[in-house]
Amino acid sequence: MPDLTFYDLVYQVVRLIPKGRVTSYGAIANYLGTKGSSRMVGYAMQACGREQPPVPAHRVVNRQGLLTAKFHFGGDLMAEMLRSEGVAVKDDQVQDFKNVFWDPSVELAM
DNA sequence: CCCGTGACGACAT
DNA sequence: TATGTCGCCACGG
């Protein structure tokens with residue numbers, strides 16, 4: 001039942017994010033072809049909470065590498081999870097962001 | 001069918 | 001450099 005919505009597309013891409021790497025909403029939106037609708041990506045994540053399998057939304061940050069979603073995870077849970085995967089996080093901001101940045105439009109491109 | 005919503009991004013000042 | 005405003009578009013009610 002290919003009732004796949006824009007959200008499902010986002011989830012697929014997010015689940016492709018390798019451990020220890022992060023990406024931005026804009027990068028995902030760009031990969032999906034809706035670069036102007038980066039908001040839709042974030043909006044999709046809000047509904048990803050009950051998706052199966054769970055979506056590593058904690059690996060998705062904004063363009064600045066800032067853990068904007070941590071507010072939704074509750075506490076510093078997001079930073080802790082990223083840190084657990086080897087991602088350096090400081091003050092809700094990913095250190096060496098460009099170093100751990102994983103761009104689907106590049107990594108999955110061909 | 002119309003309106004509001006929203007985990008962002010780029011541009012203007 | 002920092003802050004403010006607009007645009008983007010899919011989904012739910």
Side-chain angles (χ1 to χ4, degrees):
Chain A
M1 51 337 214
D3 281 1
L4 298 178
T5 60
F6 187 85
Y7 291 18
D8 296 304
L9 247 8
V10 176
Y11 303 150
Q12 291 296 339
V13 178
V14 175
R15 285 191 283 231
L16 290 173
I17 302 174
K19 178 183 172 190
R21 294 281 191 267
V22 294
T23 190
S24 64
Y25 304 96
I28 297 170
N30 182 24
Y31 178 71
L32 296 176
T34 57
K35 57 183 177 185
S37 58
S38 50
R39 308 172 79 156
M40 311 304 52
V41 179
Y43 197 65
M45 307 255 82
Q46 184 185 36
C48 85
R50 53 187 175 169
E51 284 298 308
Q52 241 298 311
V55 180
H58 60 274
R59 293 180 185 160
V60 186
V61 297
N62 70 356
R63 194 64 179 98
Q64 304 171 67
L66 189 68
L67 280 58
T68 52
K70 86 141 203 161
F71 187 77
H72 296 266
F73 275 77
D76 297 302
L77 177 61
M78 185 175 181
E80 291 291 300
M81 290 197 293
L82 285 173
R83 217 173 266 171
S84 182
E85 297 191 342
V87 179
V89 181
K90 173 124 189 178
D91 190 37
D92 301 332
Q93 187 176 281
V94 177
Q95 304 302 290
D96 298 307
F97 177 56
K98 63 178 183 175
N99 187 39
V100 297
F101 182 61
W102 182 83
D103 190 337
S105 65
V106 174
E107 303 297 329
L108 303 179
M110 34 177 189

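Quick caveat, the model's predicted, so the values are computed rather than measured. We name chains A, B, ... by the order of the sequence lines, and we start the count at 1 in each one.
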Contacts of type ring pair (Phe, Tyr, Trp, His ring centres under 6.0 Å), residue A:Phe73, not counting sequence neighbours: none
Distance, rounded to the nearest Å, where A:Gln64 contributes CD and C:dT3 contributes P: 12 Å
Whether A:Tyr7 and A:Tyr11 hold their rings parallel, tilted or perpendicular, with breakpoints at 30° and 60°: perpendicular
Cationic N near anionic O, under 4.0 Å, A:Arg59 to A:Glu85: yes
Any residue meeting side chain to side chain donor-acceptor pair (under 3.5 Å) with A:Ser84, in chain and number order, not counting sequence neighbours: none
Shortest side-chain distance from A:Phe6, nucleotide among B:dG9, C:dC11, B:dA7: C:dC11
Side-chain touch A:Lys70/A:Leu77, heavy atoms, less than 4.5 angstrom: no
Touch class at under 4.0 angstrom, heavy-atom based, for A:Arg39 against every strand present: base
Gap between atoms CZ and P, on A:Phe97 and B:dC8 respectively (whole Å): 13 Å
Sugar-phosphate only, base, or nothing, as touched by A:Ala44 at under 4.0 Å among non-hydrogen atoms: nothing
Sugar-phosphate, base or nothing in reach of A:Ser38, heavy atoms under 4.0 Å: base
Spacing between A:Leu67 atom CG and B:dA7 atom C1', to the nearest angstrom: 11 Å
side-chain N/O A:Thr68 vs B:dC8 OP1/OP2, d < 4.0 Å: yes
Between B:dC3 (P) and A:Tyr43 (OH): distance, integer Å: 17 Å
Between P of C:dC9 and CE of A:Met45, the distance in whole Å: 20 Å
Positions of residues 7-36 of chain A (non-hydrogen atom under 4.0 Å from DNA chain C), listed by number: A:Tyr7, A:Gly36
A:Thr68 vs A:Tyr25 side-chain heavy atoms within contact, under 4.5 Å: yes
